[in-house]
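Keep in mind the model is a prediction, meaning the values are calculated, not measured.
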Amino acid sequence: MRFENKVVFITGGGGYLGGEAAYQFAKEGAAIALCDMNEQSLNAKVERIKELGANVKGYLIDVTDSASVEEVVATAVKDFGKIDISVHVAGGSARIVSPMSGSVLIYQKDYVIDRVLKVNLYGAMYVGRAVGRYMVENGVKGGRIISFSSTVGLNGLKGCCDYGAAKAGVMAFTKSFAKELAEYGITVNAVAPGVVQRPGEEDEVRSRTTNFLGEICVAEDIAPVVLFLASEEARFVTGQTYVVDGGRALGMKGTD
């Protein structure tokens, strides 16, 4: 199998995108260290992966807390013996912290800006730092570090200054970190989805009208790109952000 004998560390694993990526990695033979801050969602995804007969363990994590990240990475290494691939999916917009979602910057609250930056940008850096250090110090060749950005980080969006800045930061972080780890044979890349239709969302209009293909994007459209970047086929790809958005970032269609 494609990822047999590989250990994949995934944050945001209790969510829609992270959970699907984990499931696809497990189908391809990987062992999964699945991390999330929502215990109920995390456990549900762990059980789904276990149905495949895969080796999976769930870990509660707060990616905004560097100590939590360091502890969970160390525990996962102890449990699985190694980490070959890191996929940082945990993130979100102001919806995750405040009813102020969509506020223009001049009226946005400090604590919302702080939380959005910590979840989306600091989280990527904390996870990348912890996993990257482990890989370097333990001579992990062919290591893969993948973070999630967004098309909002490419083109911006009204009411999302904090989120857009964080996701643009993930792209810049990816480029710089790729340069730092290249000499160790470790690649660093990112994935930038557009509008993704979540389970239970009945309104398809926004999903279809915010891309040029006029199609609905689901998690199964994103996961294959993550698996590609983690694969041997992508051994010569580093410092890149792969946009998976049906052309949305070509003009941010339907969003301004």
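At a threshold of 4.0 Å, the pair K50-E47 counts as salt-bridged, since one of the basic side-chain nitrogens sits closer than that to a carboxylate oxygen. By the 4.0 Å N-to-carboxylate-O rule, E70 lies close enough to R133 to be salt-bridged with it. A salt bridge does not link R129 with E180: none of the charged nitrogens is closer than 4.0 Å to a carboxylate oxygen.
Put simply, OG1 on T238 and CG on L181 are 8.0 Å apart, with the number rounded to the nearest 0.5 Å. The distance from the CG atom of L121 to the OH atom of Y163 is 12.5 Å, given to the nearest 0.5 Å. Rounding to the nearest 0.5 Å gives a distance of 9.0 Å between OG of S41 and CG of N43. How far CG of L34 is from OG1 of T11: 9.5 Å, rounded to the nearest 0.5 Å. In this structure, F9 CZ and F80 CZ are separated by 10.0 Å, a value rounded to the nearest 0.5 Å. If you take CD on E39 and OH on Y59, they are separated by 14.5 Å, rounding to the nearest 0.5 Å.
Remark: the E20 side chain and the Q24 side chain contain an N/O donor-acceptor pair separated by less than 3.5 Å. Under the 3.5 Å distance criterion, with hydrogens and angles disregarded, no donor-acceptor pair is assigned to the side chains of K82 and N138. No donor-acceptor contact under 3.5 angstrom links the side chains of S147 and H88, judged on distance only. When only modelled atom types and interatomic distance are considered, T151 and R248 share a side-chain donor-acceptor pair under 3.5 Å. Of the N and O atoms on the side chains of D65 and Y126, not one donor lies less than 3.5 Å from an acceptor on the other residue.
Although no hydrogens or angles enter the test, the distance criterion places no donor-acceptor pair under 3.5 Å between the side chain of Y184 and the main chain of G139. The backbone N or O of K167 sits nowhere less than 3.5 Å from a side-chain atom of N120 that would complete a donor-acceptor pair. Judged by distance alone, the side chain of K45 and the main-chain N or O of G14 form a donor-acceptor pair under 3.5 Å.
Around CZ of F173, the count of heavy atoms belonging to other residues, nucleotides or ligands within 6.0 Å exceeds 12. Surrounding CD of E71 are at most 12 heavy atoms belonging to other residues, nucleotides or ligands under 6.0 Å away. Around CZ of R235, the count of heavy atoms belonging to other residues, nucleotides or ligands within 6.0 Å does not exceed 12. Around CD of E204, the count of heavy atoms belonging to other residues, nucleotides or ligands within 6.0 Å exceeds 12. For Q40, the CD atom counts as loosely surrounded, since its 6.0 Å shell holds 12 or fewer non-hydrogen atoms of other residues, nucleotides or ligands.
Summarising the geometry of P193 relative to D245, their closest heavy-atom pair is C-CB, 4.4 Å, with the distance given to 0.1 Å. The two residues R144 and T187 make their nearest non-hydrogen contact at CD-OG1, 2.9 Å. The two atoms that bring C217 and I222 nearest to each other are SG-CD1, 3.8 Å, heavy atoms only. I49 and A22 get closest at one heavy-atom pair: CD1-CB, 3.7 Å. Here the closest non-hydrogen pair linking N211 and G246 is CB-O, 3.6 Å. Shortest non-hydrogen contact noted between V119 and G92 is CG1-N, 4.2 Å.
A perpendicular orientation is assigned to the rings of F25 and F3, their planes being inclined by more than 60° (bins at 30° and 60°).
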Would you check, one step at a time, whether the test side-chain contact (heavy atoms from CB on, under 4.5 Å) holds for V116 with V112? CA-CA 6 Å; V116 172; V112 177; 4.2 Å; yes
